[in-house]
Amino acid sequence: MKALKRLFRFLLPPRNWRFTVVILSGIFTGILFFVVYVSNAVSYLSDEPETCINCHVMYPYYASWDKGSHGRDATCADCHVPQDNFIRQYYVKATDGLAHATYFTFRWEPQVIQIKSRGKSVVQENCIRCHLDMVDMVQLVEVTGEIAEKDEGKLCWDCHRETPHGSVRSLSAAPHALVERLPSVMPAWLENLFFGESPSKTRTLPQNEN
Amino acid sequence: ERRSEAQLYFQMVEPIPEWEPDNEVWGVNFPRQYESYKKTLDTTFQSKYYGSVMIDYLERYPEMVVMWAGYAFSRDYNQGRGHYYSVKDVHNTLRTGVPQPATCWTCKSTDVPRLMNEMGPSEFYAHTWAEMGPEIQNPIGCQDCHDPNTMNLRITRPALAEAFERQGIDINDATRQEMRSLVCAQCHVEYYFGEDNYLIFPWDEGFSADEMEYYKDRVGHTDWVHALSRAPMLKAQHPDYELYKTGIHAQRDVSCADCHMPYKREGGIKFTDHHLRSPLDNIENSCMVCHRQSEATLQANVYDQQNRVSELRRIAERNLARVHIEAKHAWDAGANEEEMEDILQLIRHSQWRWDWVAAANAMGFHSSSEALRVLATSIQKAQEASIKLTSVFNRYGVEYPIEMPDLSTKEKAQEYIGLDMEKIREEKEEFLEKTLPQWLGSI
Amino acid sequence: ERRSEAQLYFQMVEPIPEWEPDNEVWGVNFPRQYESYKKTLDTTFQSKYYGSVMIDYLERYPEMVVMWAGYAFSRDYNQGRGHYYSVKDVHNTLRTGVPQPATCWTCKSTDVPRLMNEMGPSEFYAHTWAEMGPEIQNPIGCQDCHDPNTMNLRITRPALAEAFERQGIDINDATRQEMRSLVCAQCHVEYYFGEDNYLIFPWDEGFSADEMEYYKDRVGHTDWVHALSRAPMLKAQHPDYELYKTGIHAQRDVSCADCHMPYKREGGIKFTDHHLRSPLDNIENSCMVCHRQSEATLQANVYDQQNRVSELRRIAERNLARVHIEAKHAWDAGANEEEMEDILQLIRHSQWRWDWVAAANAMGFHSSSEALRVLATSIQKAQEASIKLTSVFNRYGVEYPIEMPDLSTKEKAQEYIGLDMEKIREEKEEFLEKTLPQWLGSI
Ligand SMILES: [Ca+2]
Ligand SMILES: [Ca+2]
């Protein structure tokens, strides 16, 4: 108990700073909630592909998946989220969700998004999970993301290069794909207050360019 | 909230008049494209062989001076830089110290479509470079590639349309993806001046080095007679489109714009990056859309191929400089036309083939295996000429091998071919100080 | 339900003894692989330059006869075919009409690992080809590439392991993906015979043509002295692995097996197709999983590159045949060693470089830009030699150009270099009728 108190006191800012710190903490917490809310980071907890396109930067990947052979049988989460145990599943969802949300909100996303090494391992596991019977005998089952990273084996999509997102990929690849449009997260009055009468409200589908 | 970004606006704030040469006027409507276009002003990037920095080719490859003896290229030749500099560089180059036709302006300015519309192409070409000088104010820009009403891509240079027409192809049938290369093919192509300096693309027999060589032999075209070897020479100019056409990227329908003007996204707006430049300055957006490798790997792939091409081009250059000088010695020893005829033909073809690769940008990356094949035949032909020359030397008792002059720097090479560089530079300075201000102040 | 098919797989019906050379014994356990392996018996497929049909190289490229004057290759040289024929073809070739060491068997049979295990590699190499003849019964097969206990890939030829060891690399550290090429690199590589006919891969300075050339010069190796030009020659043999290594597919970690042994599907299981052959016979499985283009497009891509390489190799062959004959004339006219020294060195290097590409299978497709670069330097060096030779002719008053013999067919070329083909063929027939049946019946 004593130790805890000492820790608390240690963390407590000097008296004359307290007001500022409380206000700042409030602002930061507010921003955090705003980021989580606006960016729909919570949506990461769902398995529905539609939740991924809360972010328009995911449109090209949604579109290529939707039109591909996996659009029928496998959801984004079937490939991109571990399916072996519950804890890992939500750990990955939470960390990925927060990371992507932060990138998105701060506009850090690159023009060409590339899957990270942890993501590769997860996807590879999932390919094998579904296609185990197919690849059992050719020893491809042993290839994990880490092995492939070290150039010690081929990932499934090193050969199946068009599966599932196609081989030409960037944020610009299909920016105005006919994907489902989600309602705005802001109430109309607030949106009008900030942005004036926005034409976007009246549309349910983004328009094609030409 | 970034959701509204997903909307696309294509609103003309201010309609653009037909033949408007001023990029700023276009820029009011399309600020993103205009802002990125203005970045072609930047001259900082340098890759192993290219980039937007100034590169003095004659300094880097001094043998070229000898190879172009008697031709304006031996005075001055730089690696091209951003579109923004197109007019300025034509003013500055020492090559415009000799009289040039207005045809030289064709690929340099948005004022050209305007002038051609006013006077017709033949009339335009028939003027001299200096006569048209005061009219040329704006560098390459929107007007060169776009229709101001629809913003669709549009061909504004008749030479391209005519070249296709002669092959029975109507350029208006081109698809959108083809147009993404064809707008570049208005300028980044091999050309020559026909009668009355009419601009012609020599594609009637085909696009390859061999076919264009055959075409030029057939029509009997010669750009100049070499000052040392007296060979009837051909100059190749940036056959970027032609070489690219033979490569795997073209075969897979990857266009010039795909690599040099990749799409960019700002918020929900997708637009074309108009900062035209070396893709090595922008590997991430340019190559990695299609290739999942790291920037370092992709750059290494490019350099691997360029290094191979560079090795052969250096061999070709050394052979060619040597054979011109050898031919000069043969004439000096008393050789006659008949003895020299096929030797000169070999030199003509050899240098054409070397130039077809060397003048094309990208050091062969646009199609490395074709570039290497063509360079190999260049090497072979120059050496074949050397072999034949030794018989001539034998006949006239000339000692072989011929001693070679020191060609290790541009200055030494220019001195060897007898160029008075000081005088040439003085004349240019006078032009820049006296004439040019009048031209620029003229409109 | 077809799912259970997949489970059956890795059960050994009958354990396979270590060093078992008989493919049928392995096949009992792995019928799919064995059945597909047996298809290498098929000799019907023919592509533009390759395939499993018999192709008489000397017939197709008669200049080679002159280029190999004084060496067994001028008698007989065929394009390789299926692994099933490996032993038979060594029996049949006229090259084994001259005394050969047992080293020749190294890459031809599953009996070799067995014998090397019994007697050790040095001892094996030290025998003659004929001494080992009766022991060699089985063609290339499972034992060459697999560990019979685990079925893992395994290196059975010491030369490969030793070559890596000399570079400080332990081949046991190779990854599975690397092994999918390294098992091929046991045989599809350049080699030479060292002391006591010990098999050596000349990679100590590197894999490239230039580096191996440097290595061979350094150790002073010469395969034979040319019968016409007296040049100290090098023979290159199928540097498939080395050339491939410089190509884009290797750089992207695409292995030999990925193209030559693609996965095949039967019912619910995927297995490795052991019908090793030209991928052009199987574009769908071999290329089209990675490349979505049509078969016709992919075949055209391959031919495009092969045509370029073929064009240069033909130029190189004509130059090389010419220069050997010219050198002969120089000797005949009285030239001395000193005058000829650097000429012969150029010929040595030129032919080595040509061979490095020509002996490699696939007409350069495995790395077209490297193949073209190397061929270009071959062309350059042979011509450099020709240029130097004209000086010698000049000195000795030999008229130039030298008249060339008719080399339009294999027969004419063989007659020109003075081969008594009738006798050679008779001797072979005797061997096939008398000796061979004894060998084959011996076990
Ligand atoms: Ca440049
Ligand atoms: Ca074959």
Side-chain angles (χ1 to χ4, degrees), chain A residues 34-35 37-40 53-60 101 104-107 109-115 120 151 155 157-158 161 165-177 179 181-186 190-191 194-203 205-210, chain B residues 1-11 30 32-33 36 146-147 149-153 175-177 179-180 248-249 252-255 257-259 261-275 279 281-298:
Chain A
F34 181 76
V35 166
Y37 176 67
V38 162
S39 65
N40 259 309
I53 48 165
N54 260 320
C55 302
H56 58 75
V57 298
M58 290 290 114
Y59 287 4
F104 184 71
T105 306
F106 291 103
R107 304 181 179 224
E109 77 275 3
Q111 294 288 321
V112 179
I113 296 176
Q114 286 205 312
I115 194 162
K120 282 184 194 165
D151 277 348
L155 292 163
W157 58 93
D158 280 343
R161 295 199 295 173
H165 296 299
S167 56
V168 180
R169 269 166 282 155
S170 89
L171 288 194
S172 307
H176 304 293
V179 296
R181 283 285 291 175
L182 306 156
S184 175
V185 292
M186 284 192 184
L190 183 61
E191 202 170 320
F194 274 100
F195 304 106
E197 284 292 334
S198 159
S200 71
K201 274 183 301 169
T202 54
R203 268 197 242 140
L205 287 175
Q207 288 186 333
N208 259 334
E209 251 167 297
N210 295 319
Chain B
E1 207 208 348
R2 294 177 64 191
R3 227 166 250 214
S4 57
E5 284 180 351
Q7 320 311 321
L8 208 246
Y9 349 78
F10 195 86
Q11 295 159 355
F30 305 104
R32 284 186 181 81
Q33 286 80 3
S36 58
H146 288 286
D147 178 330
N149 296 310
T150 59
M151 286 312 285
N152 282 342
L153 294 179
T175 64
R176 179 167 166 264
Q177 184 62 10
M179 285 300 280
R180 289 166 59 83
I248 190 76
H249 283 104
R252 293 284 188 271
D253 262 341
V254 181
S255 69
D258 286 333
C259 294
M261 307 179 76
Y263 290 118
K264 212 174 148 164
R265 191 156 143 155
E266 273 178 12
I269 312 279
K270 166 185 180 172
F271 71 100
T272 300
D273 188 347
H274 281 61
H275 181 192
D281 191 19
N282 190 23
I283 294 178
E284 192 181 336
N285 293 352
S286 173
C287 319
M288 282 162 72
V289 170
C290 300
H291 298 281
R292 309 264 105 190
Q293 287 69 34
S294 69
E295 292 194 36
T297 304
L298 288 162

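A note on names: the letters A, B, ... follow the listed sequences, proteins ahead of strands, and every chain is numbered from 1.
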What closest approach, in Å, do A/Gln114 and B/Met288 show between heavy atoms, and which atom pair accounts for it?
OE1-CE, 3.5 Å
When rounded to the nearest 0.5 angstrom, what distance separates SG in B/Cys290 from CZ in A/Arg161?
10.0 Å
State which residues pass ring pair (Phe, Tyr, Trp, His ring centres under 6.0 Å) with A/His165; sequence neighbours excluded, sorted by chain then number.
A/Tyr61
Going by side-chain contact (heavy atoms from CB on, under 4.5 Å), name the residues that satisfy it together with B/Val289, two or more places apart in sequence or in a different chain.
A/Val112, A/Val168, A/Ser170
Passing candidate, side-chain contact (heavy atoms from CB on, under 4.5 Å) with A/Gln111, options B/Asp273, B/Asn285, B/Asn282
B/Asn285
Full working for side-chain contact (heavy atoms from CB on, under 4.5 Å) between B/Arg292 and A/Arg169:
CA-CA 9 Å; B/Arg292 309 264 105 190; A/Arg169 269 166 282 155; 3.0 Å; yes
Could you look at A/Ile113 and say if it's the side chain, the backbone, both or neither that has a heavy atom under 4.5 Å from chain B?
backbone
